[in-house]
Amino acid sequence: MSQQSEECLPESASAEQSDVPGARILHMKGRQYDLQKAIQQRAQESVEREAALDQEQRRPKPLKWGIALIIAAIPIGLTLIAADSFLRVFHKYLDVTVETANKQAEEQAAAAAAAAAAAEAMAPVTSDDPDVVMLSPLLVPPSVETSQASPAPDSKK
């Protein structure tokens, strides 16, 4: 302001003041330049600091990414475990059904073999050779044998 007020003074007033010994106003252009330079330097540091913080915030954090990958892997792992369990149960079911079918087939084969053996035993024994005589036991049904055996002890009394 002092500079402006001095510039506004008429030339005669400035001449009078120059004659009078007193304080002289010196222009400090260098001081303003240093102040502007310091302000610019502080502003540049602030901008660089904000850019560094922004860059650090954008940079992926390894721990954060690790946790995110673990959380993302949980459903994938559960799906794989469920599929594996389903296939194991399905294979066990197939093994049980195959074993049951094999046992039934073996039982049917054994029953057919027993029936064939019984039918062969019930069939009369014959021989094509005229000189051989075949004796066969008299086959009595088991129900007749038990009914004949039970009255015998009663008759002894």
Side-chain angles (χ1 to χ4, degrees), residues 1-7 25-157:
M1 285 191 183
S2 61
Q3 292 176 356
Q4 291 175 355
S5 62
E6 190 175 319
E7 290 174 3
I25 299 175
L26 298 175
H27 296 286
M28 307 203 67
K29 293 182 179 178
R31 175 108 174 120
Q32 289 178 353
Y33 179 73
D34 290 340
L35 182 62
Q36 287 175 348
K37 187 176 180 181
I39 290 171
Q40 287 177 349
Q41 186 178 5
R42 298 277 181 168
Q44 184 66 28
E45 289 174 358
S46 175
V47 167
E48 289 174 357
R49 190 176 343 113
E50 288 178 9
L53 288 174
D54 189 37
Q55 183 68 18
E56 186 176 319
Q57 288 176 353
R58 283 191 212 161
R59 189 184 78 207
K61 311 264 188 282
L63 182 63
K64 182 180 175 182
W65 279 98
I67 291 171
L69 288 175
I70 289 171
I71 290 173
I74 290 172
I76 295 169
L78 291 176
T79 303
L80 291 175
I81 290 170
D84 182 52
S85 299
F86 173 76
L87 290 175
R88 286 178 191 254
V89 168
F90 188 70
H91 284 291
K92 285 182 181 179
Y93 170 74
L94 286 178
D95 289 342
V96 168
T97 54
V98 166
E99 284 181 23
T100 305
N102 287 344
K103 285 181 182 178
Q104 288 177 353
E106 289 174 4
E107 289 174 1
Q108 287 178 354
E120 187 178 311
M122 295 295 264
V125 180
T126 58
S127 176
D128 294 337
D129 192 7
D131 295 332
V132 176
V133 176
M134 302 287 289
L135 299 174
S136 63
L138 180 62
L139 297 175
V140 180
S143 60
V144 175
E145 289 178 4
T146 56
S147 63
Q148 291 175 354
S150 42
D154 291 337
S155 60
K156 289 183 180 178
K157 288 185 182 178

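Given the structure is predicted, the values throughout are model-derived calculations rather than measurements.
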### Query
So which heavy atom on Lys61 is nearest to which on Glu56, and how close?
NZ-O, 3.0 Å
### Message
Has Ser46 got a side-chain atom pairing as donor or acceptor with Arg42's backbone, closer than 3.5 angstrom?
### Response
no
### Query
For the atom pair CG (Leu53) and CZ (Arg49), what is the distance rounded to the nearest 0.5 Å?
8.0 Å
### Message
Please report the interatomic distance NZ(Lys37) to CD(Gln44), rounded to the nearest 0.5 Å.
### Response
13.5 Å
### Message
Let me confirm one number: the CG-CD distance from Leu94 to Glu99, rounded to the nearest 0.5 Å.
### Response
11.5 Å
### Query
Once you round to the nearest 0.5 Å, how far does CD1 of Ile74 lie from CD1 of Ile70?
8.0 Å
### Query
Only one of Val96, Val98, Thr97 forms a side-chain contact (heavy atoms from CB on, under 4.5 Å) with Thr100, so which one is it?
Val96
